[in-house]
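Excluded from the calculations below are hydrogen atoms, water molecules and symmetry mates; all remaining heavy atoms, backbone and side chain alike, are included.
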Amino acid sequence: MQIKTLKNYFRISMVGITFSLFLVFYLFSSYIHTNLAISENQKISEALSKQVFNSMYQVMRQGWSREQLQEFVNVTKDSFQGSSYSVDIFRGKKVEELFGKIEQSPITNDVQKVFESKQKFFETDKKSMKSVMPIIAKNECLKCHTNSKTGDILGAVKVDYNFEEIVSSTQNKYLLFSLIILPLMFLIAYYISLKILKRINLAIENFKEKLRVLILSKSLKI
């Protein structure tokens, strides 16, 4: 009875150890995988922000009319509808004084900070990324923006990217993959336990035989 109890205890321990190792493996690898996914999405977001910003500069360098510029803004915003990205382009006061106001989103605190500091604003967490880049007047800009000088801020480009859904989907797929591996780990643990128990049984049987021989030899001497 004690031997059977020992075997059961050993099997239960193996199951517990296997599950604990699986849990540690899943949590550690999931943490690394999630952070890599977030890091990659942040890089993509920043690259997209720069691309929109550079496109805006190219448009301005070509001396497009107000209607063409407005069309560019609308097309840029519409192209990201239905996606996790949102793009907003804001006009500065000097541009509004010269060319008038356009329909745009309300100026938020982060955009206002960029207008005041003329510095890029970048904020990110595990769910989203926000980037606001100032459009600074250069020499070629002054041909059209006659009321500005080099270094003045003409506007700002804001890119918001919410990648919470992508990260959540990645985590769910990773969990499913891990759950597929779990039965395999239990099978391997069961196979190893059988091998170990077989050796334990063999050792016990050898011990019993030696004990029987010892008892028999003592009884013969008596």
Side-chain angles (χ1 to χ4, degrees), residues 31-170:
Y31 173 80
I32 294 175
H33 187 267
T34 300
N35 277 274
L36 284 174
I38 292 172
S39 177
E40 285 301 312
N41 278 287
Q42 288 172 348
K43 290 177 182 178
I44 293 171
S45 302
E46 191 169 3
L48 176 64
S49 179
K50 289 179 179 178
Q51 182 179 353
V52 174
F53 175 78
N54 291 332
S55 298
M56 188 70 181
Y57 252 127
Q58 291 302 319
V59 167
M60 293 173 64
R61 289 181 64 184
Q62 292 176 15
W64 282 14
S65 66
R66 177 180 175 181
E67 289 74 19
Q68 289 174 314
L69 185 60
Q70 182 64 55
E71 184 180 355
F72 170 82
V73 172
N74 292 335
V75 169
T76 301
K77 293 177 70 173
D78 291 343
S79 63
F80 292 101
Q81 283 189 358
S83 70
S84 301
Y85 291 92
S86 66
V87 177
D88 281 306
I89 300 173
F90 299 89
R91 277 189 172 183
K93 289 183 178 180
K94 287 186 177 292
V95 178
E96 289 182 342
E97 289 172 2
L98 198 61
F99 299 104
K101 294 184 178 182
I102 60 172
E103 184 179 346
Q104 61 185 30
S105 301
I107 294 180
T108 54
N109 290 334
D110 48 12
V111 176
Q112 186 61 41
K113 287 179 181 178
V114 171
F115 275 119
E116 292 172 357
S117 66
K118 301 181 183 180
Q119 299 295 320
K120 175 184 174 182
F121 175 87
F122 184 79
E123 185 178 70
T124 184
D125 53 32
K126 293 185 177 181
K127 296 181 180 179
S128 61
M129 187 282 307
K130 183 186 300 179
S131 175
V132 185
M133 299 185 72
I135 302 174
I136 304 297
K138 297 181 180 180
N139 287 329
E140 59 262 37
C141 303
L142 305 184
K143 295 178 183 179
C144 298
H145 298 273
T146 54
N147 64 339
S148 302
K149 61 181 183 298
T150 303
D152 284 346
I153 184 166
L154 303 178
V157 178
K158 179 180 180 181
V159 176
D160 283 309
Y161 178 36
N162 189 323
F163 46 80
E164 181 179 9
E165 186 177 343
I166 295 175
V167 172
S168 178
S169 175
T170 302

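- Across all non-hydrogen atoms, the minimal contact from Ala156 to Val114 is CB-CG1, 4.4 Å.
- In terms of heavy-atom proximity, Leu154 sits nearest to Cys141 at CD1-CB, 4.2 Å.
- When all heavy atoms of Ile135 and Val157 are compared, the pair lying nearest together is CD1-CG2, 3.8 Å.
- Judged as a side chain to side chain donor-acceptor pair (under 3.5 Å), and not counting sequence neighbours, Lys94 has no contacts.
- Side chains of Phe99 and Arg91 form a contact here, defined as non-hydrogen atoms less than 4.5 Å apart.
- Considering only residues two or more places apart in sequence or on other chains, Phe90 meets the ring pair (Phe, Tyr, Trp, His ring centres under 6.0 Å) condition with none of them.
- Residues passing the side chain to side chain donor-acceptor pair (under 3.5 Å) test with Glu97: none are found, sequence neighbours excluded.
- In terms of the side chain to side chain donor-acceptor pair (under 3.5 Å) criterion, residue partners of Ser128 (sequence neighbours excluded) are, by chain and number, Asp125.
- Note that CG of Leu142 is 4.5 Å distant from OG1 of Thr150, once rounded to the nearest 0.5 Å.
- Looking at residues two or more places apart in sequence or on another chain, you find a salt bridge (charged side-chain N to carboxylate O under 4.0 Å, His left out) between Lys120 and Glu46.
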Could you go through Met129 and Glu123, starting from their C-alpha distance and side-chain angles, then the distance that decides it, and tell me whether this counts as side-chain contact (heavy atoms from CB on, under 4.5 Å)?
CA-CA 6 Å; Met129 187 282 307; Glu123 185 178 70; over 6 Å; no

Report task. For side-chain contact (heavy atoms from CB on, under 4.5 Å), just list the numbers for Val95 and His145, CA-CA rounded to whole Å, side-chain angles, deciding distance to a tenth of an Å, and then say yes or no. Result -> CA-CA 7 Å; Val95 178; His145 298 273; 3.8 Å; yes

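- Remark: Lys149 pairs with Asp152 by the side chain to side chain donor-acceptor pair (under 3.5 Å) rule, at least two apart or across chains.
- A heavy-atom distance below 4.5 Å is found between the side chains of Lys130 and Phe121.
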query = When you look at Lys158 and Thr108, which way does the side-chain hydrogen bond (donor to acceptor under 3.5 Å, both in side chains) test go after all the steps?
reply = CA-CA 10 Å; Lys158 179 180 180 181; Thr108 54; 3.2 Å; yes

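- Under the side-chain contact (heavy atoms from CB on, under 4.5 Å) criterion, Leu98 pairs with Thr146, Asn147, not counting sequence neighbours.
- Remark: Ser117 engages Gln119 in a side-chain contact (heavy atoms from CB on, under 4.5 Å) (not counting sequence neighbours).
- Taken to the nearest 0.5 Å, the CZ atom of Phe115 stands 9.5 Å off from the NZ atom of Lys93.
- Between the Lys118 side chain and the Gly151 main chain, a donor and an acceptor come within less than 3.5 Å of each other.
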